[in-house]
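Accompanying notes for the structure given below.
Residue numbering restarts at 1 for every chain, and letters A, B, ... go by the order of the sequence lines. Predicted model, so just to flag it, every value in this text is computed and none were measured.
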Amino acid sequence: MAKQAMLLQGNQACAFGALAAGVRFFAGYPITPSTEIAEILAQELPKVNGRFIQMEDEIASMGAVLGASLANVKAITATSGPGFSLKQELIGYASMAQIPSVIINVQRVGPSTGMATSPAQGDVMQARWGTHGDHTIIALSPASVLECYTLMIDAVNMAEKYRTPVIFLMDEVIGHMREDVRLPEDEELTIVNRKVITNSDQLPYKSEADGVAPMSIFGEGHYFHVTGLSHDETGFPQNGGDVVKANIDWLNEKIDRNLDDIIRYEAIDCQDADYIIIAYGGTSRSALQAKILLEKQNIRCGFLCLKTIWPFPYEAVKTICQHAKMVVFPEMNCGQLVGEVRKILPDKVVPFNRYDGQLMLPEEIAAVVENAVKEGK
Amino acid sequence: MKQLRLTGSGGQGIITMAIILAEGAVQAGYHAVQTQAYGPEARGGASKAEVIISKEDIAYPKVRQPNIVLAMNQEGCDKYSGGLRKDDLLIVDETFVKILPNTEAKIIALPITTCAREKLGKELFSNIIALGVLGKAMQLLDKETLEKAVLARVPKGTEEKNSQAFAIGWDLL
């Protein structure tokens, strides 16, 4: 069952998804093409006893989000490239101090202020490695308005479950488009809340069997020290090599050991397909249409839509594409995520790139496959 | 499948029109996708909004082959009316569009903004008048469904005037 069909914008659905996931705090600084998310949450959060703060800049917004989250409130922010750059230091802090948080980046053309109202996928590597140090991260990328809602709930859930910052990587195409959706009923949703410390003797950074430490609720009396410095189970700084290594291993393993839970993708007609198009976010829409165009010419082509882009689904991509002769990877950038596919399918993958602020045409992607068919590749 | 392209200057309510059309289509049980392209300016320029209405799922969200183009200003008409074929339709607001393009499509030129000014006292209503014209011309959604979508979207207290504007547009064609 689902709710009645309605027309929603991607940014709107993203805000509604956050509310459904239990987000009750937003701090941000408005920036096109993400502004509608802030606008809607400014209206809606007060209605559910939540808080909305427009901060003085993007850095402060990220700080406020982490503060709220430490006090056991699900907290998110939304921005675009220029603001995402500013938030990087505190994203690293969230990673190190293991503070659940979701950072929405509705990508526009960069570098710098670039083009405010035009789409790009230029922040894909920044989502992975934007903040310094050996950390891992989760990044999800919706390809439809419905996914802005459902994947947003997943993003908040994963942040809570694994005590990690999660990047919600949208683009202007998906953020600004409106389409008909039937949202799931609230009863159908799974909502995850973080584990919290119940015993005052518990150490705030002591991992449990599932690889995650229950969280202290800041301000409720439990002795809790939060720092970006390397720390031990008490949360206080520790420079011993063993402790430092163990901590970095922990940050990575809590994600890497749960790939089955974190990785999401959709594979359509990929079995036995000679050609497969891999895409994510806005370009998925061109890619799916390209597949349809190719079918009309009796060219069998699979479509693999990645929803989780970090951690990169190496195993899934490898398994799904192993029989294909050629894999086409369109992106609205000079070629970023395609590099991960090159690591596993170096002889098969062909990038297709557009970075002029326009969503690529289905015909352009289809032509790459058509040419390969003509040349007998 | 109907593919519609609406164009005019920023502030003319082009995107609002497109949203209302798409909402009407969804209410009538169709799939609909609405997109827009605009510059950083809030007023002026040539903004473009598109709507695709279909019984099938819609993958690519942008219009590839418009069936109807509505141009509310000259710049928009010059820039976005290309690609129309013989059975397609170009609707222009002749208040602002003085030079018509060379096109195989049928052209409908109507004094949309002039009508808004003269009959409703405000140019503000020109987009809803245009929506009435467009709604009738596209022959897909009935008048009541679309009017309902108009009323659901316009600011409280302006329903009556917008209802009138919509009816004026519907009858103008």
Side-chain angles (χ1 to χ4, degrees), chain A residues 3-10 12 31-33 35-36 108-109 113-119 143-146 171-182 268 277 279 281-295 303 305 330 357-366, chain B residues 1-4 6 10 14-66 79-80 83 141 145-146 148-150 152-153:
Chain A
K3 292 178 181 167
Q4 243 193 333
M6 59 174 150
L7 189 77
L8 271 189
Q9 191 196 41
Q12 252 179 327
I31 180 169
T32 302
T35 307
E36 292 86 358
R108 62 191 231 181
V109 175
T113 28
M115 283 203 288
T117 56
S118 303
S144 68
V145 171
L146 179 62
D171 52 64
E172 192 272 345
V173 173
I174 299 298
H176 274 166
M177 70 185 260
R178 291 179 178 81
E179 65 184 338
D180 57 298
V181 289
R182 298 187 66 188
I268 304 173
I277 306 171
T283 41
S284 309
R285 308 297 289 247
S286 310
L288 179 56
Q289 189 66 39
K291 173 192 159 34
I292 296 167
L293 294 176
L294 289 165
E295 262 164 20
F303 171 50
C305 184
Q358 300 291 323
L359 175 61
M360 56 192 60
L361 303 174
E363 292 85 348
E364 293 176 312
I365 303 172
Chain B
M1 184 193 274
K2 285 263 184 216
Q3 303 193 57
L4 312 166
L6 285 50
I14 300 298
I15 295 175
T16 306
M17 274 171 75
I19 296 172
I20 295 172
L21 269 174
E23 276 176 342
V26 173
Q27 289 315 314
Y30 290 96
H31 292 292
V33 174
Q34 184 273 324
T35 60
Q36 61 257 312
Y38 58 96
E41 66 276 24
R43 296 284 179 273
S47 74
K48 175 178 78 165
E50 296 182 338
V51 184
I52 302 174
I53 301 172
S54 173
K55 285 193 170 144
E56 316 285 325
D57 285 333
I58 301 161
Y60 187 68
K62 310 262 178 184
V63 165
R64 292 294 295 127
Q65 177 63 62
K79 222 168 150 179
Y80 296 121
L141 306 174
T145 306
L146 209 46
K148 244 193 204 168
V150 171
R153 179 57 65 169

Distance-only, no hydrogens or angles: does the A:R285 side chain make a donor-acceptor pair with backbone N or O of B:I58 under 3.5 Å? yes
Specify the closest pair of heavy atoms between B:A32 and A:L7, including all atoms of both residues, with the distance to one decimal. O-CD1, 4.1 Å
Looking at B:I52, B:V26, B:V51, which has the largest count of heavy-atom pairs under 4.5 Å with chain A? B:V26
Heavy-atom pairs under 4.5 Å with chain B - which of A:E179, A:K291, A:M115 has more of them than the others? A:E179
Given that the side chain runs from C-beta out, which part of A:V181 has a heavy atom under 4.5 Å from chain B: side chain, backbone, both or neither? neither
Is A:E363 close to chain B through its backbone or its side chain, or both, or neither, when contacts mean heavy atoms under 4.5 Å? side chain
Bottom line for B:Q27: the part with an atom under 4.5 Å from chain A's heavy atoms is side chain
Select, from B:K62, B:Q36, B:H31, B:Q34, the one with the greatest count of heavy-atom pairs under 4.5 Å involving chain A. B:Q34
If you count heavy-atom pairs within less than 4.5 Å of chain B, which of A:Q9, A:Q4, A:M6, A:Q289 leads? A:Q289
Are A:I292 and B:Y60 packed together at the side-chain level, in the sense that at least one heavy-atom pair is separated by less than 4.5 angstrom? no
